[in-house]
A.B. asks: 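Pasting a structure below so you can have a look.
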Amino acid sequence: MWPGTTVRRRHRFGGLFRAGLAALITGAVVLPLSGAARPAIPAPAPAALAAPTAGTLDAAYAANRANAAEASRMAAAHGDHHRAAADRSLADPARNLLAFDGRGAGLATEVLGDLARADRVAVLVPGSDTGLDTYGRFRAAALALHRRLAEEAPEGTGTAVVAWLGYETPGTVSTTVATTGRADRAAPRLRALVAGLRGITGPHARVALLCHSYGSVVCARAADGLDVADIALLGSPGTGADSAADLHTGARVWAARGADDWVEHVPHLSAGLFGTTVGFGTDPVSPAFGARVFDAGDGGHSDYFEPGSRSLTNLARIALGETTEVTRD
């Protein structure tokens with residue numbers, strides 16, 4: 001989840017989650033690993049584009065906005081006015097879409113800032129229950145980070161944030177949220193995104209992955225040899241790895257959990273059953289995992305990018321490469 005969830009809802013959900021976790025894990029073993037069915041929303045196939053470069057970036061943005069506009073028209077004709085509005089918002093001329101797919105729950109990659117000239121790039125990887133219908137809260141996190149980077153960056157340092165909804169996220173209350181299946185399928189896409197960013201920014205740009213909740217499982221699956229400087233795991237239920245060393249990355253690995261984050265109560269267990277892995281193992285903020293644990297303040301699971309928060313301040317410092325300024329927990 002991302003900013004916008006109320007405190008009351010967070011506490012109620014946290015209690016329900018803890019009470020039902022054992023049943024959920026059991027269900028993940030014995031039920032088919034598929035998302036809940038929903039009526040299909042018609043949408044065009046994604047725009048067929050070559051990998052963008054700095055010179056073709058504006059054309060790619062325009063093509064994806066046009067695709068979002070067509071998806072909005074199709075959703076409206078289908079009677080899904082909520083999706084139509086979400087697609088229409090993404091089609092606004094001010095939005096910079098690096099990718100868009102309106103089919104199903106929907107995928108989108110949005111750029112905030114001048115990516116072609118960026119020296120520091122932060123890629124946000126979301127957790128469960130993130131799709132086009134809930135994209136606004138994910139974008140709010142990206143906007144908050146982008147503003148903070150712009151405020152804190154040294155003069156002459158270009159910054160950009162990439163909000164990567166590039167995979168089908170699991171539902172928070174679903175069988176898929178307790179397994180690595182969605183993350184295993186998402187990891188190659190995240191690796192392709194990072195490679196694609198290098199084709200736009202060049203090798204000089206410093207890239208950081210900021211991975212929230214189930215998104216931390218995705219980042220862990222993609223981490224091996226990935227060309228990024230830092231990987232931050234936020235409100236992580238675990239990564240599927242026993243330690244940061246097991247990610248096989250040259251990046252600095254960071255971890256944080258807010259004092260009021262319900263994910264603290266998730267059992268840190270992992271078992272391979274029926275061809276899939278249930279649970280995510282070692283707690284990333286534990287000494288056994290070996291990450292650089294930083295201060296995330298008193299916030300809950302949806303508060304890591306809250307404006308003015310300690311977590312956002314530290315995430316901006318990580319993304320800017322000011323790692324000695326990060327306050328440790």
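We use all heavy atoms of the structure for the numbers below, so side chains are in, but hydrogens, waters and symmetry mates are not.
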A.B. asks: Give me each pair satisfying side-chain hydrogen bond (donor to acceptor under 3.5 Å, both in side chains) with a member in residues 47-66, each pair once, sequence neighbours excluded.
C.D. replies: Thr53-Thr56
A.B. asks: Just checking, is any N or O donor in the side chain of His146 or Thr159 under 3.5 Å from an acceptor N or O on the other one?
C.D. replies: no
A.B. asks: With sequence neighbours left out, write down each residue that passes salt bridge (charged side-chain N to carboxylate O under 4.0 Å, His left out) with Arg117, or none if nothing qualifies.
C.D. replies: Asp114
A.B. asks: Among Thr313, Val326, Thr327, find the residue that satisfies the side-chain contact (heavy atoms from CB on, under 4.5 Å) test when tested with Asp295.
C.D. replies: Thr327
A.B. asks: What is the distance from atom CG of Leu132 to atom CZ of Phe138, rounded to the nearest 0.5 Å?
C.D. replies: 11.5 Å
A.B. asks: Nearest heavy-atom pair of Pro52 and Ile200: which atoms, and what distance?
C.D. replies: O-CG1, 3.4 Å
A.B. asks: For Asp184, check side chain to side chain contact (heavy atoms under 4.5 Å, CB included) against everything at least two apart and list the hits.
C.D. replies: Thr180, Arg221
A.B. asks: State, with a plain yes or no, whether a side-chain heavy atom of Phe100 is found less than 4.5 Å away from one of Asp87.
C.D. replies: yes
A.B. asks: Does Arg147 come within less than 4.0 Å of Glu151, counting only side-chain N to carboxylate O?
C.D. replies: no
A.B. asks: Only pairs at least two apart or in different chains count here, so list each disulfide bond (SG atoms under 2.5 Å apart) that has a residue in residues 213-255.
C.D. replies: Cys211-Cys219
A.B. asks: Considering only NZ, NE, NH1 and NH2 on the basic side and carboxylate oxygens on the acidic side, decide whether Asp119 and Arg206 come within less than 4.0 Å.
C.D. replies: no
A.B. asks: Centroid separation under 6.0 Å, is that true for the rings of His212 and Tyr304?
C.D. replies: yes
A.B. asks: Do Pro284 and Thr239 have side chains that get closer than 4.5 Å, going by heavy atoms?
C.D. replies: yes
A.B. asks: Mind listing the closest non-hydrogen atom pair of Ala319 and Ala208 along with its distance?
C.D. replies: CA-CB, 4.1 Å
A.B. asks: May I ask you to say whether Glu110 pairs ionically with Arg95, meaning some side-chain N is under 4.0 Å from a carboxylate O?
C.D. replies: yes
A.B. asks: With Ala244, which residues qualify under side chain to side chain contact (heavy atoms under 4.5 Å, CB included), at least two apart?
C.D. replies: Val253, Phe289
A.B. asks: Salt bridge or not for Asp298 and Arg310, using N-O below 4.0 Å?
C.D. replies: yes
A.B. asks: Taking side-chain hydrogen bond (donor to acceptor under 3.5 Å, both in side chains) as the cut-off, I'd like each qualifying pair that reaches into residues 249-259, sequence neighbours left out, listed once.
C.D. replies: Asp230-Arg252, Asp230-Trp254, Arg257-Asp283
